[in-house]
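Some notes on the structure that comes next.
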Amino acid sequence: MSAVSPSNSKIEAAYREHTPNSASRSRQARSVFPSGLVHDARKLSPYPIYVERAKGSRKWDVDGNEYVDYYGGHGALILGHAHERMLGATHAQLELGTHFGACHDLEVRWGELVKAMVPCAERVRFTSSGTEANLMAIRLARAHTGRRKLVRFRGHFHGWQDHVAFGVDNHLDGTPSPGVLEGIADEVLLCDTSDADATLSLLRGRDDIAAVILEPTGGSFSALPMREQMLTQLREVTAERGIVLIFDEVVTGFRVAPGGAQGFYGVTPDLASFAKIVAGGLPGGCIAGRKELLDHLDFEVCAKKGIEKVGHHGTYNANPVCAASGIAALEVLQSEDACERASAMAARLREGANRLFRERTSNWFCYGTHSSFYFYTNAEQPVGSEPLEWTLESIKQVAKLPVTNKLRLALMVEGVDMSGKPGGLVSAVHTEADIDFTVDALGRALERLANEGELSS
Ligand code: PMP
């Protein structure tokens with residue numbers, strides 16, 4: 001049976017039937033926002049859901065449908081939605097004021113927590129987002145080394161600013177994506193984590209490399225798998241060559257372990273960027289690292305050395321409300337086994353999904369590390385092959401396959417929401433019952449797909 005086209009798809013019809021209010025919101029939004037969206041990752045055909053409220057592992061849309069949520073606030077919510085501690089802290093701070101335009105106690109406490117939990121954090125500076133934190137990391141590395149080149153890895157996401165906007169999903173040859181200057185792209189050297197030898201010899205062979213930046217568990221939080229050994233190798237060669245090693249811990253920070261991926265793997269970078277969990281689900285990020293590097297932001301140190309300081313502003317840096325939420329989150333993560341619980345629940349989900357995929361599909365596979373899971377629906381992959389051997393192109397292609405969109409619609413009809421990778425992030429408040437519900441829902445979604453001829457090889 002050949003696959004059913006979207007216009008005749010019962011899955012799409014069921015989704016439309018479930019979500020008429022989301023459909024009308026989406027029509028309205030299209031006259032305000034390009035594509036009706038405020039974030040590229042929320043694209044879903046025929047339209048995305050509109051969510052009204054969320055609590056714990058669940059969220060509810062404007063049609064009253066309940067979903068087990070694996071978006072997790074794009075990774076910000078390892079403690080689930082509307083956690084009591086974060087609610088209490090932010091409410092209390094709202095009453096006291098949302099912006100003092102001044103230093104305050106919470107920023108110091110917040111920074112001290114980051115310093116106590118993150119191995120590389122001799123000094124910390126808060127930003128408003130992960131994009132900003134990476135921008136600062138790259139700038140500090142260039143200011144410190146006086147070198148121009150930035151080594152990045154294909155498929156590793158570091159936000160949307162110019163230095164990192166290409167070579168992730170598109171422009172894998174390193175050419176600039178629209179709006180990015182060629183001169184900026186020319187200073188970026190793209191490597192592949194699958195080819196450690198080529199990367200290491202590049203780092204050994206050039207004298208103009210300021211920094212290497214990477215997601216330490218692999219691109220898009222391990223959707224693009226990477227060998228752990230690569231971290232040690234990169235640490236050794238960057239230390240030898242005076243190159244700044246930057247871990248982008250925007251997702252892995254306070255998730256993989258309380259000390260992030262660097263804490264988990266025992267490899268300490270020179271700089272690390274954080275966002276998402278660090279602010280407890282509110283906007284916020286930070287750069288943390290060796291004092292010598294963050295000293296480029298220090299008025300007195302720079303004056304003493306006779307060097308020009310790196311500038312840093314930002315209206316919402318360490319905003320008091322975000323600080324209150326961040327402190328509450330980090331205190332919970334420091335004192336509980338939340339990271340381990342999230343990882344254990346994700347392992348249960350991966351196991352259940354793979355059981356179903358073995359039974360019902362010829363070549364689907366669920367992969368992930370720590371608290372992530374990804375569904376590979378790519379018929380071109382050799383069955384049972386090691387994810388480490390998969391190519392970036394084939395992994396990235398999965399998100400674009402029509403069957404992936406249909407799978408997401410079918411899962412939503414069955415009460416599960418996940419991202420378009422396709423996959424998701426598990427939190428510490430997902431229970432075994434949530435995971436078992438999800439695996440059952442996946443079974444029913446596969447049945448719907450089979451009925452439309454999507455599972456035949
Ligand atoms: N780095 C990584 C690894 C990310 O996943 C993200 C966001 N998804 C960013 C950086 C950018 O963070 P933000 O959206 O806070 O700018």
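The first residue of the sequence shown is numbered 1, and numbering continues consecutively from there. This structure is a prediction, so every number in the text was calculated from the model and none was measured. Numbering of ligands and ligand atoms starts at 1, following listing order. Just the heavy atoms: all of them, side chains too, but no hydrogens, waters or symmetry mates, feed the values below.
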Which pairs of N or O atoms, one from ligand 1 and one from the protein, are separated by less than 3.5 Å, and what is the distance for each pair?
unit_1	atom_1	unit_2	atom_2	d
ligand 1	1 (N)	Phe157	O	3.4
ligand 1	1 (N)	Asp248	OD1	3.2
ligand 1	1 (N)	Asp248	OD2	2.7
ligand 1	8 (N)	Lys276	NZ	2.9
ligand 1	15 (O)	Gly130	N	2.8
ligand 1	16 (O)	Gly130	N	3.4
ligand 1	16 (O)	Thr131	N	2.8
ligand 1	16 (O)	Thr131	OG1	2.6

Any donor-acceptor N or O pair under 3.5 Å, side chains Thr175, Asp173: yes

Residues Asp61 and Ser22: side-chain donor-acceptor under 3.5 angstrom: no

Parallel, tilted or perpendicular: ring planes of Tyr265 versus His370, cut at 30 and 60 degrees: perpendicular

Test item: side-chain donor near acceptor, His156 and Asp248, under 3.5 Å: no

Summary of salt bridge (Lys or Arg N to Asp or Glu O under 4.0 Å) pairs that have at least one residue in residues 224-233, sequence neighbours excluded: none

Value rounded to 0.5 Å, distance of CG in Leu190 from CZ in Arg154: 5.0 Å

